[in-house]
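Please read the structure below before turning to the comments.
Just so we're clear, the structure is a prediction, and the values are computed from it rather than from any experiment. Chain letters run A, B, ... following the sequence lines, proteins first and then strands; every chain starts at 1.
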Number of protein chains: 2
Amino acid sequence: MLELAILGLLKEQALHGYELKKRLSEMLGPFSGASFGSLYPALRRLEAAGAVEAVASDPVARPIPMTGSLGGELAAFAARRRSAAGAKGGRTRRVYAITSSGQQLFEELLAADSGSTDDDRTFNLKLAFARHLPPAGRVNLLERRRAQLVQRLSQARANARARRGLLDAYSRSVLEHCRETTERDISWLEQLIAAEKGSVK
Amino acid sequence: MLELAILGLLKEQALHGYELKKRLSEMLGPFSGASFGSLYPALRRLEAAGAVEAVASDPVARPIPMTGSLGGELAAFAARRRSAAGAKGGRTRRVYAITSSGQQLFEELLAADSGSTDDDRTFNLKLAFARHLPPAGRVNLLERRRAQLVQRLSQARANARARRGLLDAYSRSVLEHCRETTERDISWLEQLIAAEKGSVK
DNA sequence: CCCCGATGTATCGATCCGATATAACGGTAG
DNA sequence: CTACCGTTATATCGGATCGATACATCGGGG
């Protein structure tokens with residue numbers, strides 16, 4: 001859910017699309033579900049829903065080039081002209097800020113269960129924003145994830161028993177590596193859960 | 001690339017959509033990029049491209065219910081009637097087999113480089129089919145993947161240095177866990193590469 | 001001065017996903 | 001026997017995402 005990621009970042013400060021994407025990429029690694037082709041439509045959706053609003057078509061928003069006030073006014077004029085002309089691309093920044101209804105939407109999305117259909121990426125995203133969750137919500141998120149991985153693991157094991165011998169070495173290697181990764185994920189989660197409960201106590 | 005997965009499975013034996021999905025799910029875990037909403041369109045694409053062909057609208061393809069030849073003929077008739085009526089859903093199996101041009105397409109997709117835009121799932125898929133690759137192709141695949149992960153890792157580290165202190169404990173935990181997972185992936189790859197080179201020698 | 005690379009917004013087509021509809025079959029409870 | 005239910009099976013829809021590409025502006029170096 002890209003919306004959640006966007007709202008979470010805008011919650012801290014108003015940003016424009018390009019910067020948003022950079023932060024997203026470095027926050028979730030390269031597998032963030034963030035590309036311009038999905039980011040800009042998502043921003044439009046959020047804007048249409050009233051969850052975010054454009055705060056300033058601030059042209060480049062950089063310390064004024066100190067050639068007197070004239071420079072600033074010219075830049076502003078140029079921005080207006082570009083905006084009015086329906087410029088199809090270009091460098092004029094569109095800075096978005098979160099609204100109060102966006103804040104609310106963020107809370108809802110963060111706490112949403114989605115009935116175990118929570119993607120791997122969605123979980124990482126939610127955990128990265130766990131600071132905005134109440135302690136009970138954090139534990140809940142971690143426990144749900146843990147249950148999901150445990151189930152996935154037992155299913156993988158049952159499957160491995162059923163098909164032992166039918167697969168070649170490469171397939172088996174992939175499967176086993178996945179199994180190990182899942183096991184490590186689970187023990188990571190258990191550490192986090194323990195830490196969470198320890199801090200509450 | 002779902003096409004690659006489908007062709008790889010059909011290479012071993014002719015299958016229908018439902019079975020294809022089951023094998024896909026247990027082959028790549030639950031993150032196989034396989035859902036009916038993408039599987040059936042992919043089959044249609046492959047059929048249109050001549051890479052696969054329907055071999056029999058075999059109704060349930062089960063040992064004939066031993067009531068003489070009549071049972072079989074009735075079933076075949078029912079299947080023909082259903083097929084002609086343009087049935088919108090239902091249980092009539094559509095079994096697909098790979099064609100020689102499909103074999104060729106499979107080789108191409110498996111060996112394709114895609115200029116480092118290879119997804120995590122795509123890599124796992126290709127590795128699972130590495131048996132169909134020449135030894136040099138296997139090493140190439142593994143080395144490419146390793147280079148990709150090494151780059152991802154160094155980027156993540158540079159990023160961590162830059163933003164140290166700006167992130168809360170949850171974000172940092174996610175990031176660090178990702179880093180560890182990537183490191184393990186790399187050492188796994190290095191094992192595979194060593195094994196591959198050892199077996200060649 | 002002019003081109004190059006980084007910054008920035010935007011869109012297109014293709015693909016993939018989750019939900020849902022449709023339908024036939026096997027078994028079992030009444 | 002039938003009425004229902006869970007599994008098997010194909011198919012489609014709308015929406016989300018992706019990768020590629022286009023367009024536009026700015027700063028800096030040759």
Side-chain angles (χ1 to χ4, degrees), chain A residues 1-6 15-22 24-25 30-48 54 57-62 65 71 75 78-79 81-83 85-96 114-122, chain B residues 1-6 15-22 24-25 30-47 54 57-62 65 75 78-79 81-83 85-96 114-122:
Chain A
M1 216 63 150
L2 237 192
E3 267 104 335
L4 176 62
I6 292 172
L15 291 170
H16 54 100
Y18 194 87
E19 184 68 24
L20 224 29
K21 197 218 166 198
K22 276 202 298 185
L24 239 34
S25 296
F31 54 92
S32 52
S35 67
F36 292 123
S38 47
L39 182 60
Y40 286 116
L43 279 170
R44 293 302 185 88
R45 285 198 303 273
L46 288 170
E47 193 178 18
S57 285
D58 194 8
V60 184
R62 190 177 293 104
R81 194 167 59 86
R82 259 178 269 123
S83 187
K88 279 304 165 193
R91 205 172 171 185
T92 311
R93 286 178 175 170
R94 289 178 60 84
V95 177
Y96 292 96
S114 305
S116 92
T117 51
D118 250 17
D119 197 344
D120 287 23
R121 299 202 306 276
T122 305
Chain B
M1 216 63 149
L2 237 193
E3 266 106 336
L4 176 61
I6 293 173
L15 291 169
H16 55 101
Y18 196 86
E19 183 68 25
L20 225 28
K21 194 212 167 204
K22 276 202 297 187
L24 238 32
S25 295
F31 55 93
S32 52
S35 69
F36 292 124
S38 47
L39 182 60
Y40 287 115
L43 279 170
R44 294 302 185 89
R45 284 199 303 273
L46 288 170
E47 192 178 18
S57 285
D58 192 8
V60 184
R62 190 177 292 106
R81 195 168 58 85
R82 259 179 269 122
S83 186
K88 278 305 164 193
R91 205 172 170 187
T92 313
R93 286 180 176 170
R94 291 178 58 84
V95 178
Y96 292 95
S114 305
S116 92
T117 51
D118 250 16
D119 199 343
D120 288 24
R121 299 202 306 276
T122 305

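- The Ser38(B) side chain lies nearest to dC16(C) when the options are dA11(D), dC16(C), dA10(C).
- Here the C1' atom of nucleotide dC18(D) and the CG atom of Leu24(A) are 15 Å apart, to the nearest Å.
- Listed by chain and number, the residues in a side-chain hydrogen bond (donor to acceptor under 3.5 Å, both in side chains) with Ser25(B) amount to none (sequence neighbours excluded).
- Remark: Arg44(B) pairs with no residue by the side-chain hydrogen bond (donor to acceptor under 3.5 Å, both in side chains) rule, at least two apart or across chains.
- Between Tyr18(B) and Phe36(B), the shortest heavy-atom distance links the atoms CD1-CZ, 3.8 Å.
- Smallest separation of non-hydrogen atoms from Ala54(A) and Arg94(A): CB-NH2, 4.2 Å.
- Heavy atoms of Leu2(B) sit under 4.0 angstrom from primed sugar atoms or phosphate atoms, though from no base atom.
- Regarding Asp119(B), its CG atom lies at a distance of 15 Å from the P atom of dT17(D), rounded to whole Å.
- Here the side chains of Ile6(A) and Leu39(A) are in contact, with some heavy-atom distance below 4.5 Å.
- The residue Arg121(A) sits apart from the nucleic acid: no heavy atom pair falls under 4.0 Å.
- Dashed line: the shortest gap from a side-chain N or O of Tyr40(B) to OP1 or OP2 of dA11(D) is not under 4.0 Å.
- Note on Gly37(B): a base of the nucleic acid sits closer than 4.0 angstrom, heavy atoms only.
- With DNA chain C read from its 5' end, the first of the two nearest nucleotides for Arg45(B) and Phe36(B) is the one closest to Arg45(B).
- At the phosphate of dA11(D), OP1 or OP2 sits under 4.0 Å from a side-chain N or O atom of Arg44(B).
- Terminal axes of the helix from dC1(C)-dG30(D) to dG30(C)-dC1(D) (five pairs each, C1' rotation axis) are separated by 10°, to the nearest 10°.
- Candidate nucleotides dG18(C), dA11(D), dT7(C) were compared by shortest atom distance to the side chain of Arg94(B), and dA11(D) ranks first.
- One interatomic measurement links the two molecules: OH of Tyr18(A) to C1' of dA24(D), which rounds to 13 Å at whole-angstrom precision.
- The shortest heavy-atom contact between Glu3(B) and Leu46(B) is CG-CD2, 3.3 Å.
- At the heavy-atom level, Ala42(A) lies nowhere under 4.0 Å from the strands shown.
- Summarising the geometry, atom CG belonging to Leu2(A) is positioned 9.0 Å from atom CZ belonging to Arg121(A); distances are rounded to the nearest 0.5 Å.
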